[in-house]
Amino acid sequence: MGERTPAQTTASEHVRVPDSHRRTIAVDGSAASGKSTIGRRLAEQLGYAFLDTGVMYRAVTHAALERGLSLGNSAAIGELAQTLPIDVSLDCGGSGTRVTIDGSDVTSHLRSQPVEDAVSIVSRIAAVRDALVSRQRQFAERQPIVMAGRDIGTVVLPDADLKLYLDASIEERARRRYADFLAAGNEVSQEIVLEDIRRRDRIDSEREVSPLRPADDAVIINTDGLSLDQVMDRVNSLVRGDE
Ligand code: DC
């Protein structure tokens with residue numbers, strides 16, 4: 001898997017991080033908890049790369065659906081994940097993560113309804129997780145990085161310099177996801193969005209392999225009622241080591 005060189009910026013005006021510190025930041029959280037938005041913004045401020053690991057699970061799911069694999073066929077999907085030539089160009093300086101499979105750009109398919117419906121099932125397969133986790137670790141070895149996902153603090157980067165776990169009530173998360181859909185011009189009912197988040201929460205937190213949960217040493221931030229700027233203020237103070 002390839003990646004672009006991260007922007008050669010150092011800590012921003014607002015956030016000063018000692019050179020030897022906090023080169024890996026884990027941002028975990030449930031569906032629509034804001035981890036990608038917060039993680040991307042933090043990475044931009046610090047001049048770090050940003051990897052939203054959800055896109056990797058989505059890419060495997062898209063490829064499995066394209067190949068007509070049954071979602072019950074864990075062995076075939078696991079093997080696909082091990083061999084699939086996925087290329088993720090890391091988000092650097094807000095450039096946006098692009099995902100290609102075998103040279104073809106699949107980024108626009110990753111949030112399609114079939115992928116939304118199937119991705120939690122695919123993410124339960126141990127061989128899929130093994131394949132993707134080892135690639136995620138390689139990214140972190142190469143550059144300072146903010147990595148967002150479900151198991152970054154617990155499994156992928158257990159030694160991350162800072163672990164954040166974002167949470168919000170299901171109603172708040174559904175409201176945000178619904179607003180995202182509307183902004184993107186997608187027509188969908190708020191009830192369906194809420195049900196989908198509920199279903200994903202259940203599968204992600206009840207699965208046997210790497211279930212969604214905060215690492216023991218993660219800082220849990222409940223974002224209910226907080227604006228993006230307020231959450232970033234808190235995150236920045238944690239990055240600076242003020243608290
Ligand atoms: O964050 P997201 O909605 O793009 O994630 C899509 C799915 O991928 C989600 O249902 C769970 C899975 N996932 C995971 O199991 N582990 C990760 N580190 C990231 C995502």
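Owing to the predicted nature of the structure, the values given are computational and were not obtained by experimental measurement. One-based numbering, in listed order, for ligands and for the atoms of each.
Closest protein heavy atom to atom 3 (O) of ligand 1: Arg200 NH2, 2.5 Å. The protein heavy atom nearest to atom 12 (C) of ligand 1 is Ser123 OG, 3.2 Å. Scanning the protein for heavy atoms near atom 18 (N) of ligand 1, the closest one is Asp151 OD1, 2.8 Å. In this structure, atom 9 (C) of ligand 1 lies nearest to the protein heavy atom Arg150 NH2, 3.3 Å. Among protein heavy atoms, the minimum distance from atom 7 (C) of ligand 1 is reached at Val119 CG2, 3.6 Å. Protein heavy atom at the shortest distance from atom 19 (C) of ligand 1 is Thr53 OG1, 3.4 Å.
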Stepwise side chain to side chain contact (heavy atoms under 4.5 Å, CB included) test for Asp28 and Met147: CA-CA 8 Å; Asp28 288 302; Met147 210 181 276; over 6 Å; no
task: List the steps and the verdict of side-chain hydrogen bond (donor to acceptor under 3.5 Å, both in side chains) for Arg176 and Thr37.
output: CA-CA 12 Å; Arg176 290 179 195 157; Thr37 310; over 6 Å; no
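Counting heavy atoms under 4.0 Å from ligand 1, residue Met56 does not touch it at all.
Some N or O of Ser120 is nearer than 3.5 Å to an N or O of ligand 1, by distance alone.
Close contacts between ligand 1 and Gly149 involve ligand atoms 18 (N), 19 (C) [criterion: under 4.0 Å to a heavy atom]. Shown in contact with Gly54 at under 4.0 Å from a heavy atom are these atoms of ligand 1, numbered in order with element: 4 (O), 5 (O), 19 (C), 20 (C). Close approach to Lys35 involves these atoms of ligand 1, each under 4.0 Å from a residue heavy atom: 1 (O).
The distance from atom CD1 of Ile77 to atom CZ of Arg67, rounded to the nearest 0.5 Å, is 11.5 Å.
The two residues Ala140 and Thr24 have their closest heavy-atom pair at CB-CG2, 4.2 Å. Closest of all the heavy-atom pairs between Met56 and Ile86 is O-CD1, 4.4 Å.
Annotation for Glu116: atom CD counts as buried by contact number, over 12 foreign heavy atoms lying within 6.0 Å.
The residue from Val156, Asp204, Val55 that puts a heavy atom closest to atom 11 (C) of ligand 1 is Asp204. Of the options Arg124, Arg177, Arg199, Arg58, the smallest heavy-atom separation from atom 4 (O) of ligand 1 is shown by Arg58.
Side chain of Ser30 to main chain of Ser33: no donor-acceptor pair is present (N/O by atom type, distance under 3.5 Å, no hydrogens or angles). Between the side chain of Arg58 and the main chain of Val115, no donor-acceptor pair closer than 3.5 Å is present.
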Return a table of donor-acceptor pairs under 3.5 angstrom between the side chains of residues 207-216 and protein atoms on other chains or two or more places apart.
| from | atom 1 | to | atom 2 | distance (Å) |
| --- | --- | --- | --- | --- |
| Arg207 | NE | Val209 | O | 2.9 |
| Arg207 | NE | Ser210 | O | 3.0 |
| Arg207 | NH2 | Ser210 | O | 2.8 |

Donor-acceptor contacts, no H, no angles, side chain residues 178-195, under 3.5 Å, sequence neighbours left out:
| from | atom 1 | to | atom 2 | distance (Å) |
| --- | --- | --- | --- | --- |
| Ser189 | OG | Glu191 | N | 3.3 |
| Ser189 | OG | Ile192 | N | 3.0 |
| Glu195 | OE2 | Arg198 | NE | 3.2 |

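Taking 4.0 Å as the cut-off, Arg129 counts as a neighbour of ligand 1 on heavy-atom distance. Using a 4.0 Å cutoff on heavy atoms, Ala31 does not count as a contact of ligand 1. Proximity of Arg207 to ligand 1 is established by a heavy-atom distance of less than 4.0 Å.
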